[in-house]
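Below is one structure, written out as structure tokens; comments come after it.
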Amino acid sequence: MSSDIRYSVVIPVYNEEAVLEQTYRRLKQVMTSTGETYELIFVNDGSSDHSVAVIKSFCDKDKSVKLISFSRNFGHQVAITAGMDFSAGAAVVVIDADLQDPPELILKMIAKWQEGYEVVYAKRNHRNGETFFKKQTAHLFYRLLRASTEIDIPVDTGDFRLIDRKVCDVLKELPEKNRYVRGLVSWVGFRQTAVSYDRDPRLAGESKYPLQKMIKLSLDGLTSFSFKPIKLASYSGVLLTALGFVYGLLLLLFKVFGSTVIGGWNLVLASELVLTGFLLIIMGIMGEYLGRIYDEARNRPLYIVGEFYRKEEKERNVIKVG
Ligand code: UDP
Ligand code: MG
């Protein structure tokens with residue numbers, strides 16, 4: 001790929017037809033104001049609305065726009081990864097399509113990059129227009145993740161960030177499938193800094209992160225960067241065994257020295273339920289790790305590009321796996 005592009009902007013898109021025009025316009029304005037060369041890489045993550053047609057119309061009038069279109073929905077983190085894989089810029093910016101991340105902040109990121117930082121991430125001061133549930137769970141998750149791992153993963157930081165070409169190339173070498181990109185970026189190191197911002201409400205449309213996807217993302221984050229959940233099994237096993245011994249001992253003492261009869265079948269049932277539930281939780285945690293190990297071992301490509309579309313080279317319908 002040619003390296004005369006200064007900035008690459010990666011925009012993951014999943015059913016965003018309602019916002020794309022505005023997003024394109026604002027990004028265009030900001031990137032033009034840098035006076036440097038740039039490319040806008042829209043990654044269509046299997047949208048079922050008219051997102052593709054809208055992006056193609058940008059491509060047809062503007063050769064800085066490129067479209068990578070997946071063969072189906074592979075997920076936000078994979079879309080970001082594909083955009084980075086295809087990017088050519090000396091600095092790569094990842095930004096959501098829904099304008100919750102203000103494009104104007106990119107200029108601040110670029111300024112930091114020019115000071116010599118290799119990763120500039122955007123830290124959210126406030127999140128506007130999101131549900132109480134989303135804000136609270138996100139708040140809790142970032143802190144839980146931070147407490148569970150030795151990697152310095154900043155809290156309240158999404159994927160809106162600028163990374164240097166060097167960092168992008170290192171990330172491309174990391175083969176893992178269940179990617180938690182913001183964690184990987186922290187893991188690789190380099191000189192990192194933050195710029196803070198207030199997160200705007202979504203311009204239009206619904207969040208494309210239903211609870212199920214939120215859970216998947218948080219489990220990817222936790223299992224990729226921490227062994228604490230799986231260690232819970234051995235710690236709590238030891239604890240329960242100890243409790244069992246003490247309990248048995250007490251029963252024995254009561255039988256020998258006491259006069260009241262304790263216990264009964266309902267006590268047995270209660271402890272049985274607790275223990276079985278507990279074992280199932282532990283098995284579930286193991287399953288989460290095991291499933292991920294299986295994913296890695298199977299080694300399927302991370303994504304399938306059904307189409308690559310841009311004005312310049314008319315390079316279309318290239319099937320490529322990454
Ligand atoms: N997105 C994606 N694939 C998905 C879900 C989301 O590419 O399966 C994109 C989406 O179009 C948006 C970004 O990822 O550009 C963030 O998604 P969203 O705004 O819905 O998440 P939220 O801000 O509600 O956490
Ligand atoms: Mg959003």
Side-chain angles (χ1 to χ4, degrees), residues 9-24 26-27 40-55 58 65-87 92-103 105-106 121-142 145 155-161 177-182 197-221 302-307 322:
V9 183
V10 171
I11 313 122
V13 175
Y14 181 51
N15 295 340
E16 302 282 10
E17 61 179 5
V19 298
L20 281 173
E21 287 281 352
Q22 283 255 38
T23 308
Y24 168 68
R26 269 176 67 188
L27 277 173
L40 304 179
I41 306 177
F42 288 86
V43 185
N44 165 47
D45 185 13
S47 299
S48 53
D49 65 355
H50 296 106
S51 295
V52 169
V54 177
I55 299 167
F58 304 153
V65 181
K66 287 154 199 178
L67 166 68
I68 299 166
S69 205
F70 283 173
S71 58
R72 64 167 170 85
N73 180 247
F74 279 88
H76 178 210
Q77 300 293 300
V78 179
I80 292 173
T81 306
M84 287 181 187
D85 288 350
F86 281 80
S87 68
V92 183
V93 177
V94 174
I95 187 167
D96 282 358
D98 60 1
L99 290 178
Q100 280 199 283
D101 305 332
L105 199 71
I106 295 176
Y121 53 86
K123 197 163 172 344
R124 302 157 181 167
N125 285 332
H126 293 286
R127 302 171 70 125
N128 304 318
E130 289 178 307
T131 61
F132 178 77
F133 178 75
K134 172 113 187 178
K135 282 192 255 195
Q136 291 310 312
T137 46
H139 181 88
L140 220 120
F141 165 70
Y142 286 124
L145 179 63
V155 296
D156 303 328
T157 302
D159 288 304
F160 185 22
R161 66 187 70 216
K177 311 285 178 204
N178 294 286
R179 297 173 87 83
Y180 185 68
V181 177
R182 50 198 93 159
Y197 75 115
D198 291 334
R199 191 158 216 236
D200 293 330
R202 187 173 244 287
L203 192 71
E206 300 269 291
S207 169
K208 306 304 180 300
Y209 256 96
L211 186 61
Q212 205 185 341
K213 280 187 178 168
M214 275 164 64
I215 293 175
K216 160 88 172 99
L217 182 70
S218 20
L219 283 176
D220 281 342
L302 196 57
Y303 53 83
I304 300 168
V305 174
E307 186 181 19

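Ligands are counted one by one from 1 in listed order, and the atoms in each one are counted from 1 as well.
Between Tyr142 and Arg182, the closest side-chain pair of non-hydrogen atoms falls below 4.5 Å. Taking the side chain as every heavy atom from C-beta outward, Asp98 and Leu203 never approach each other to under 4.5 Å.
Residues Pro102 and Asp200 approach most closely at CB-OD2, 4.2 Å, considering heavy atoms. When all heavy atoms of Pro12 and His76 are compared, the closest pair comes out as CG-CD2, 3.7 Å.
Within a 6.0 Å radius of CD in Glu206, other residues, nucleotides and ligands contribute 12 heavy atoms or fewer.
Every residue two or more places apart in sequence or in another chain that forms a salt bridge (charged side-chain N to carboxylate O under 4.0 Å, His left out) with Glu130 is listed here: Arg127, Arg199. Applying the ring-ring contact (aromatic ring centres under 6.0 Å, His included) test to Phe141 and every residue at least two apart in sequence or in another chain returns nothing.
Distances from the Mg ion (ligand 2) under 2.8 Å pick out these protein N/O/S atoms: Asp98 OD2, Gln100 OE1.
Protein residues lining ligand 1, listed by chain and number: Pro12, Val13, Tyr14, Glu16, Asp45, Asn73, Gly75, His76, Asp96, Ala97, Asp98, Gln100, Lys134, Arg199, Arg202, Ser207, Lys208, Tyr209, Lys213 [non-hydrogen atoms, distance under 4.0 Å].
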Could you walk me through whether Phe58 and Tyr24 satisfy the ring-ring contact (aromatic ring centres under 6.0 Å, His included) test, starting with their C-alpha distance in whole Å, then the side-chain angles of each, then the deciding distance to 0.1 Å, before giving a yes or no? CA-CA 8 Å; Phe58 304 153; Tyr24 168 68; 4.2 Å; yes
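Note: Phe160 and Tyr197 have perpendicular aromatic rings, judged against thresholds of 30 and 60 degrees for the angle between ring planes.
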